[in-house]
Every structure is written in C-alpha cells, then in structure tokens.
Amino acid sequence: MTPPHPQDALRAAAAHVTRRRFLTVTGAAAALAFSVGLPQAHADEPADPGKIRQEPFTLGVASGDPAPDGVVLWTRLAPAAFEPDGGMPPAPFLVDWEIAHDERFRRVARRGRELAHPEFHHTVHAEVDGLAPGRPYYYRFRVGRWTSPVGRTSTAPAYGARNSAMRFGMVACQNYPGGYYTAFKHLANEDLDAVFHLGDWIYEGAVASTGGSRAYPAGTLPDVFNHEIVTLDDYRLRYALYRSDADLRAAQAAHPWILTWDDHEVENNYAGAISQDNLPPEEFLVRRAAAYRAYWENQPLRRPQRPRGADLRLYRRLHYGTLAQFDVLDGRQYRTDQAYGGVWAPPGPEADDPARTMLGERQEHWLADGWRDSRALWNVVPQQVVLAERRSEPIEAYHVSMDSWDGYTAARTRFLDAAEAAGVENLVVLTGDVHVHYAMDVKRDYTDPDAPAVASEIVATSISSGGNGAERPANYDRLTQANPHLRFYDGRRGYVTVELDRERCRADFRVVPHVTTEGAPVATAASYATEAGRPGLHRV
C-alpha cells in the first residue's frame with residue numbers, strides 16, 4: 001500500500017485541530033499533532049544502490065555547525081532534481097561518507113554511513129565527531145558506483161582555547177530570479193573559517209521559465225516553478241532549483257555554514273503562526289510545517305534542529321575558543337505580529353507595547369543565560385532584521401520599519417538590558433534582510449548624537465535580491481542624514497567578510513557591480529572596525 005503523501009498527512013492532522021483548540025493546547029501537543037511522515041520500518045531494509053542509474057549528487061555537498069570535535073555533513077540523492085521525488089525510488093539507500101586530512105583522501109580521519117530516507121527526500125545529515133579541533137578537513141559521499149564532489153570544512157578551536165583570530169563570511173537574501181549568484185563564486189574563493197547565512201535562502205514567489213532577471217531563453221526552466229510555493233513538494237523543488245546554481249554549490253562546498261532563516265523560507269513577513277494574508281493559524285501552520293521540514297532537509301543542521309511538525313528550534317550557540325561566542329537567533333517563529341500592519345509607519349504605542357516580543361520569552365531567557373555564562377572576548381549575534389533605529393528621513397514625522405526591531409522597541413530594550421546585566425562589553429550583531437550594506441552603531445538614546453554606542457551592527461547586503469542595486473540608492477541622503485549612527489550605506493549586491501582578533505573586529509563590505517549578467521568582479525567598497533572594549537564602528 002502506498003503511504004500517504006506528507007502534505008496530505010499534514011492536512012489531515014490539521015483538520016483535527018480547530019482554531020479554538022489550537023489556541024488552548026500546549027505547543028508540544030500541537031507539534032505532536034503535526035509530526036507525520038517520519039521514516040517507516042522499511043528504513044532497516046536499504047535498497048540496492050544499483051537501482052540508481054544516473055548521477056545522484058546533482059545538488060552538491062555542504063557542511064555546517066562546526067564544533068571542536070566535529071561537523072555536520074550534508075548531501076541529497078537527486079538524479080532528476082526537478083522532479084518531485086528527485087528521480088529516486090521510494091526506498092532508503094545507504095550512503096557512505098568519509099572525511100580526511102587531505103583532498104586526495106590518503107589520510108582518512110573518519111568514515112561512516114547513513115540511511116538516506118525517502119521520507120526526508122533522500123537527504124543525508126552525517127554528524128561527524130572524533131575530529132581534531134581547529135583544523136581543515138575534506139569530505140565526500142558514495143552510494144553504489146557514484147562519488148560526490150569533494151567538500152572542504154573545518155572544526156572550531158577547542159573549548160577554552162585562547163585562539164588569536166578567525167575570519168568568517170556573512171551572506172543573505174539570494175532570490176533566484178533576482179540575478180546570478182556571482183557573489184557566491186567569489187565567496188567560495190575567500191579564506192574563511194565559516195559562513196553565516198542570515199536568512200532568505202529561498203523565496204516563495206513564482207519563477208518563470210526565463211529565470212527572471214537571469215533572462216534565460218524561454219522554456220529553460222520547467223513550469224513546476226512558475227507559482228507561489230505552498231506544499232511540501234513545492235518547497236523541496238524550490239531548494240532543488242536554488243542548489244542547481246553552480247556558484248551556490250561551490251560556496252557551500254568550500255566552507256562550513258551556520259544558518260538561520262528569515263521570512264521568505266516560508267512566506268513574506270510572516271510572524272509566528274500569523275501569515276501575511278491572515279489565514280487561520282491552523283491552516284497557515286500546515287504551510288509552515290512543510291516549509292520548516294524542507295528547510296531542515298536541505299541544510300547541514302544537527303538532530304536537535306530536526307522539526308517537529310510546525311516547530312523547529314533553530315536558535316543555538318556555537319563557540320570558537322575564548323575568542324568568540326555565536327548566539328544564532330530565530331526572529332520569526334516566536335515573534336508577535338507586526339504593529340501597524342507591518343509597513344513603515346510612525347513610532348507609536350502599539351510598537352512600544354512591552355508585551356510584544358521578537359524572540360519569545362524562552363529564547364530571550366536562553367540568550368541572557370548564555371551571555372551571563374560567556375567567557376568569550378567577542379559575543380556575536382547572527383540574526384535577521386535591523387536592530388538599530390532606522391528613521392526614514394530627517395524630519396519630525398519620520399517612519400520606521402515595523403518588521404524590524406523598531407517595531408518591537410520594548411523587546412530591543414530587553415535585549416540590550418540583558419547584555420548590560422551580563423557585562424557583555426564587545427557585542428556585535430550580524431544582520432541581513434534589507435538588501436544593502438550598513439555599518440551601524442547601536443545606542444540606547446538615538447535622540448542624542450553624542451550618546452555612546454553599546455554595540456556594533458554589521459548588515460550584509462543581498463546576494464541577488466533586488467537586482468543590480470546601486471552604490472547610492474535613491475534614499476541615501478535622507479537615510480544617512482536621519483541616522484547619524486549609520487556609518488556606512490551601500491546598495492550593491494555582495495557579502496561581508498569579518499575578521500576577529502584580540503584587538504578588534506573588522507568588516508570588509510564586498511560588492512559586485514552587477515548580477516543580471518554573469519562575470520562581475522568583486523571589490524571591497526569599504527572597511528569598518530570596532531575595537532575591543534570600545535563599541536562603535538569606524539572606517540579603516
């Protein structure tokens with residue numbers, strides 16, 4: 001008997017959760033109601049790999065969440081990536097992996113095997129341990145006669161190590177029809193310890209056969225992508241489309257990635273269980289469950305991040321010796337609905353309501369506890385939306401974005417209060433979302449230009465979202481005049497590289513001149529730094 005499709009099972013489960021019941025049952029019970037489509041008993045009976053007759057590693061390899069003793073390795077078996085089943089039989093397959101000290105695999109450090117389950121779309125998440133801290137490694141997968149491309153990764157320094165420096169990348173917002181992923185091609189060639197992805201890995205909107213701004217010949221992409229994604233099959237196929245880009249695959253194979261999401265991995269501007277179009281929560285959670293499941297399947301995430309239906313705990317903590325602690329936040333799943341319709345609007349009592357939250361109470365406490373226990377010189381917070389105040393123009397009747405922390409002012413105050421109470425001196429916030437580069441000082445009082453900075457915020461532009469962009473967007477003068485704490489603003493596409501050492505944190509804002517055609521060079525538009533013990537960014 002053919003098992004029910006996961007999306008059908010999700011809808012069947014949701015049918016038994018009325019709106020009234022949804023609002024009264026516990027989160028755990030709601031999650032249990034949506035926990036369907038997990039691997040079945042047949043998972044103990046792997047299929048003959050000879051059944052895979054075409055190259056299955058079409059979507060490349062990736063690694064993520066490095067620890068001192070290990071890392072997560074990822075791949076997916078997909079001989080026909082643009083088909084709903086990826087061209088795979090509905091059976092599990094054993095996939096071998098190995099990780100070595102050298103690119104030719106003459107000195108293998110660890111090896112093992114994992115089942116690629118059809119219920120998880122034949123993805124593989126191998127959690128490797130037993131590695132040496134602070135070292136580069138090379139990895140690959142095998143199934144039958146097929147061998148994957150080789151990836152390069154690295155482990156974090158040992159806990160408590162007094163490591164002197166690290167270098168990481170920041171990326172965000174890679175709308176496929178927005179343009180080519182040329183920035184990823186350059187990112188792949190950077191010398192980095194890790195890459196932080198700050199959200200909008202996919203977008204939910206329709207992608208025409210011409211690939212939007214990529215301007216392919218008509219008919220290049222199949223019609224299966226030319227609609228907004230809603231179902232589990234839709235989300236899975238969208239990840240396949242994005243991973244079909246060679247530059248993205250190269251960047252993911254070159255470095256370990258540490259990821260968080262924003263809104264477009266599900267739907268634009270959603271907030272918790274509230275959709276942009278105000279669907280009943282029990283209906284929207286079916287879509288969110290599908291999106292979260294596809295996200296986990298397609299990213300190098302560990303078992304604690306595996307979703308339970310419509311819930312996925314993405315916030316987590318990573319350490320790089322005593323140099324840096326990274327508290328990766330989730331500012332979408334637990335937030336209160338946006339004030340004033342979620343648009344740019346004047347500040348007001350609704351946005352200032354102390355009951356409003358960006359992170360949820362549990363995540364707020366987790367963050368505060370982590371800061372209190374931190375022994376790191378730099379406390380770095382990768383998250384989604386702009387934390388510093390951002391006024392639209394230099395007049396009294398200015399507006400702010402209700403989707404950013406400006407729409408959650410009490411939550412922002414609690415965030416800064418917790419850092420101050422913990423004695424955090426070197427707080428750096430990493431942000432995506434807005435498709436521009438910013439270097440910003442975070443303050444308590446934005447009405448006083450001489451008020452001291454309490455943290456530094458580095459905002460990475462998009463990889464492709466928004467098209468080519470411009471060095472000085474149309475609102476450049478208004479925004480810079482209205483926000484004297486905004487030290488740098490550039491509207492081109494690209495990424496950021498950040499160097500941390502014992503004296504300072506330096507951000508290099510990397511840009512490409514165009515993404516609607518291929519072959520753009522990369523350059524550093526500007527570099528800004530904050531000194532240890534002296535919050536605030538200055539040009540270097």
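Bear in mind the structure is a predicted one, so any value in this text is a computation, not a measurement.
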Classify the ring geometry between [X] and [Y] as parallel (under 30°), tilted (30 to 60°) or perpendicular (over 60°).
| X | Y | answer |
| --- | --- | --- |
| Phe141 | Tyr139 | perpendicular |
| Phe284 | Tyr270 | tilted |
| Tyr216 | Tyr176 | perpendicular |
| Phe168 | Phe196 | perpendicular |
| Tyr137 | His101 | tilted |

**OP:** Measure from the ring center of Trp201 to the ring center of Tyr239 and say whether it is less than 6.0 Å.
**Re:** yes
**OP:** Keeping to residues at least two apart or across chains, list the salt bridge (charged side-chain N to carboxylate O under 4.0 Å, His left out) pairs with something in residues 53-74.
**Re:**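 Sorted pair list: Asp65-Arg316.
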Subject >> Distance under 6.0 Å and angle within 45° of ring axis: Arg302 vs Trp296 >> reply: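 Negative - Arg302 is either too far from the ring of Trp296 or too far off its axis.
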Give a yes or no answer on whether the side chain of [X] reaches the backbone of [Y] with a donor-acceptor pair at less than 3.5 Å.
| X | Y | value |
| --- | --- | --- |
| Glu204 | Asn268 | yes |
| Asp48 | Gly50 | yes |
| Arg167 | Asp191 | yes |

**OP:** Give the C-alpha distance, both sets of side-chain angles, the deciding distance and a yes or no for ring-ring contact (aromatic ring centres under 6.0 Å, His included) between Phe184 and Trp257.
**Re:** CA-CA 13 Å; Phe184 276 140; Trp257 284 43; 5.8 Å; yes
